[in-house]
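Throughout, protein chains are lettered first and strands after them, A, B, ... in sequence-line order, and every chain is numbered starting at 1. No experiment lies behind these values; they were computed from the predicted model shown.
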Amino acid sequence: MGGVIPAPLHKGPKMSRYEPSVIEPKWQQAWDDAQVFEAKRDPLKPKYYVLEMFPYPSGRIHMGHVRNYTMGDVVARTKAAQGYSVLHPMGWDAFGMPAENAAMERGGHPRDWTEGNITEMKAQMKPLGLSIDWSREIATCRPEYYGQQQAMFIDMMEQGLVYRKNAVVNWDPVDMTVLANEQVIDGRGWRSNALVERRELTQWFFKISDYSGELLEALDGLTHWPEKVRLMQANWIGKSQGLQFAFDTVGAPAGFDRLEVYTTRPDTLMGASFAAISPDHPLAKALESDPKIAEFVARCRKGGTSAEEIETAEKIGFDTGVRVKHPLNPDWELPVWIANFILMDYGTGAIFGCPAHDARDFEFATKYRLDIKSVFVAEGAEDAPLTEAFVPMKSEPVHYVRGFSGAALQTGEAAVAAAIAHAEAHGYGKGVTNYRLRDWGISRQRYWGCPIPVIHCETCGVVAEKKENLPVELPYDVTFDIPGNPLDRHPTWRNCTCPNCNAPARRETDTMDTFVDSSWYYARFTAPHAKTPTVAEDADYWMNVDQYIGGIEHAILHLLYSRFFARAMFKTGHLPAKAIEPFNALFTQGMVTHEIYKTTDANGRPVYHLPEDIIRSDAGATLADGTLVEVIPSAKMSKSKKNVVDPMNIISAFGADTARWFVMSDSPPERDVEWTASGAEATFKHLSRVWALCSRIGEMPADHKGEGDEELLRATHRAIAEVTAGIEGFAFNKAIAKLYEFTNAIARSSASTSVLKEAIRTLAKLMSPMTPHIAESIWSFQGGAGLCTQAPWPKADPALLVDDTVTLPIQINGKRRAEISVPKDMSAADVEKIALANEDVVRFLAGQPVKKLIVVPGRIVNVVV
RNA sequence: GCGGGCGUGGCGGAACGGUAGACGCGGCAGACUCAAAAUCUGCUAUCGCAAGGUGUGUCGGUUCGAGUCCGACCGCCCGCACCA
């Protein structure tokens, strides 16, 4: 590279060596001094709000953080240069169990542990040179934040969005807390990995189910969200339409004259052979005076909830002796069973069983020898005994042999509609829409969370705390020597007076799920230190988040809760209507991965090794003592597998710019990126080459006239267009590829000094979102005005983007055979002539007649023979 | 089981339906060195001396033209999962 730039006959100054450890702190100081990243409401500028999902303060940043925040930073810096007033804040998702676990394991206090971690992580993030407005920093564990959350909780209570109920909950026996359904993964606690048990407790809930339909429908408007995330949310909300109706019962306990059931296949009503209720159904409880039933129900409860167990779980049932009358024929009675596979919290917790057309019912009926009667058969088929449930697509027409409404030959869809119409016309049932989405249980029996601001009074019941008494602060004097919630056993905190009647009362000791904290932090960033949850003018100006960036693992929980919370905040007057969908665009980035290095100890157990302890050679990977190491392909960085790279090591070895550039290069941002030592080193070498190139151009005589000015100018503008498009399209890897090309073009050029200087200043500006520090050095060395960070983004001149002549490939029958160079606006007819006269074309045609000739202007010529 | 995604060199990956493999890594060769490192230059899908042929998981289809669109299959990944 660089052979053509005149050797220093020079006048200009030479640049010192590329030393990131020298220039990076220097430029960060310069940015701080100029307060360039402070977000200001500016009525004259369009605003742009970039947000990366805020981190949990574990104490150490990892490469995933570096990638996430660099992406956001590239967007933020580019938008700022393009003239937007940018909000790019950072905060801490600081409540949660690890702090309590640390307190239990090592002593100390969750608050001290958390605040210490925040200090440490912030110190690790600072050297990255992110364009963050740190004056807006928030931590969810600070009263300034959670006090406002409590105020909103009270507002939500008033609006009927909060309620309390007894519920069978997922109890994590290790963390001794309740988990939301969303926090149970394969029947295990998402954090503790312990098998979850079922318990009945009084819990606080948010009425997210009020918004099921809206949260589903509004997904269509989220056009800048990944399709995948929208689908996952739609599936999670799980809309279904069906019929709800009641059976009249025979021989049921008092108060159970009717049994409500829900079905999505009312067209199969004539195939009913039993009714079944959940073990948690009120009727089952009413029947528990029968010891056999009590015993059976207990047996159902015990069943594990792990994925394997559910999948292989045998369907078990118990015939209660109660019977129900078929709605279409009162003389036809069906037995009522309690069955372990009926869920209490979906539909009505009771079903009618149609074994012929439901796989579960079929299995159940086969086991307990219940009738299996087909309602419909495939077109043209006989009504023969079934060996498995016949469940065709609802869109497929089938022949109804036991239908009761609609045509004999109709699709399932049509039959369902006809059946619902029939039920409504005859008054025995109604069409109902059901959702899988349950209300959000937010009670946690933990200390390190936002206290639920209510008080239990013997005379007044459950009363909200007065707003002037907020925040309800967590007491500091707690201990963690025994499991459970220290708030429960706090000597004084629990005791308080009723805000209503001033009688002695008890404070609620449940705290909120940490997902509540992260459901509105994006709104708080618009006025992070206000005495109210939000401030209207600030929320109006800054909302919505224009670009949200984070991991796909939050596709359902966090994003769904946030969408709900924004609606709740609108309802309680804390957000404008436009903010009910708070994230205009969402980008889900991939993970940073690394190879895993494994050996085996004497007992055959795996031993993992850190990347820095591995020596790679042609022979493979070994330890320092020569032991051969097994190399396992890249996986998510994990401390237990020791395949971690500490960003701090990278920064001290190569600088922040290298780390930032590397995590953005090579891999498309939505995909995983593999961290390799050679890749990081190669990045550093590249940046050093850019530095050297800058130095060489600086040494050139200022008045040197060279050749190829026009060409370099065109390359410069092409780079502007392509890099800009890459960044704006979240194709950072392509933007970086174009920057490599542009760098090579400059290095090869022997243009005049002035054109070269302009080119390398442009290069610096285009690199600055990715590598802001080296960009500043180049910018100032080459005489750029002010800070590169504050310089406007260059605009490509369209006239310089098109070449005067274009190279057209010529295909014969779709195969490339020749190419011609023609003026870009040459007419198709002239192109045809030149193409057919081309000697290669003539040779390949060998006199065959041309059947067809396709000329795509500026693109290609295809000759068909 | 249901829903979704993805298969391109040794590797990460480019490619409005229009020259497949941009750019980077790695590798090879050369220059500079007494030598090495660093740096620079060139080459690097594959078969073939060449002309040329073959190539984007497999098989078909649409098209003047398919990595890209359609159908079937194979493989991998992700999400949900007894939701009536």
Side-chain angles (χ1 to χ4, degrees), chain A residues 1-3 185-186 226-236 238-240 242-243 261-266 268 276 278 307 310-311 313-315 339-343 345-354 357-361 363-364 391 434-438 552-553 555-556 618 633-634 661-662 665-668 670-683 685-686 688-689 692 722 731 733-744 747 807-819 843 850-856 858-865:
Chain A
M1 184 187 300
I185 295 151
D186 291 345
E227 188 59 33
K228 181 189 168 84
V229 173
R230 294 195 288 164
L231 258 163
M232 281 163 73
Q233 293 217 351
N235 290 339
W236 190 265
K239 182 178 180 170
S240 77
L243 177 73
V261 298
Y262 172 75
T263 176
T264 55
R265 293 308 298 259
T268 65
S278 162
I310 286 172
E311 219 161 283
E314 206 182 341
K315 294 192 174 23
N340 65 336
F341 64 95
I342 311 298
L343 307 171
D345 49 5
Y346 185 76
T348 63
I351 61 148
F352 82 83
C354 176
H357 304 295
D358 183 284
R360 294 157 303 178
D361 296 350
E363 189 188 332
F364 191 76
V391 192
N434 252 314
Y435 296 94
R436 285 182 39 198
L437 183 65
R438 320 282 156 78
I552 187 74
E553 66 272 20
I556 300 174
D618 293 343
S634 259
W661 178 277
F662 182 76
S665 65
D666 291 346
S667 230
E670 66 277 13
R671 230 177 287 178
D672 295 347
V673 63
E674 186 182 359
W675 184 275
T676 62
S678 61
E681 207 180 315
T683 297
K685 283 182 189 171
H686 172 72
S688 302
R689 273 195 295 270
E722 288 171 335
N733 56 325
K734 283 188 256 174
I736 284 180
K738 297 301 175 189
L739 286 168
Y740 273 111
E741 273 179 28
F742 184 35
T743 306
N744 292 340
T807 305
L808 290 186
I810 300 173
Q811 295 184 332
I812 294 171
N813 288 339
K815 287 208 179 294
R816 183 181 162 277
R817 294 300 184 190
E819 56 181 41
R843 186 161 55 84
V850 173
K851 279 196 200 135
K852 201 169 175 184
L853 194 62
I854 290 123
V855 177
V856 184
R859 275 280 168 197
I860 203 161
V861 180
N862 195 6
V863 186
V864 185
V865 294

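Rounded to an integer number of Å, the gap from OH of A:Y262 to P of B:C83 is 12 Å. When rounded to the nearest whole Å, the span between CD1 of A:I556 and C1' of B:A81 equals 12 Å. Atom-to-atom, CZ of A:R360 to P of B:C82 comes out at 9 Å; the value is rounded to the nearest Å.
Candidate nucleotides B:A84, B:C82, B:C83 were compared by shortest atom distance to the side chain of A:N340, and B:C82 ranks first.
If you check every strand for non-hydrogen atoms under 4.0 Å, A:T683 touches nothing.
Comparing B:C2 with B:U63, their C1' atoms are spaced 35 Å from each other, to the whole Å. Nucleotides B:C11 and B:G60 place their P atoms 26 Å apart, quoted to the nearest Å. Spacing between B:G21 and B:A81 at atom P, rounded to whole Å, works out to 45 Å. Rounded to a whole angstrom, the distance from the P atom of B:G71 to that of B:C78 is 25 Å. Between B:C28 and B:A36, the distance separating the two P atoms is 14 Å to the nearest Å.
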In 5'-to-3' order, the base (B), backbone-only (S) or no-contact (-) status of each nucleotide in nucleotides 46-58 of chain B, using a 4.0 angstrom heavy-atom cut-off, is ------SSS----
Can you build the contact string for nucleotides 4-24 of chain B? Use B for base contact, S for sugar-phosphate-only contact, and - for no protein heavy atom under 4.0 Å. S-------BSSSB-BB--BSS
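Under a 4.0 Å N-O distance rule, the pair A:R360/A:E363 does not qualify as a salt bridge.
Between the side chains of A:S665 and A:Y740, no donor-acceptor pair of N or O atoms lies under 3.5 Å.
The glycosidic torsion of B:G10 lies more than 90° away from 0, placing the base in the anti range.
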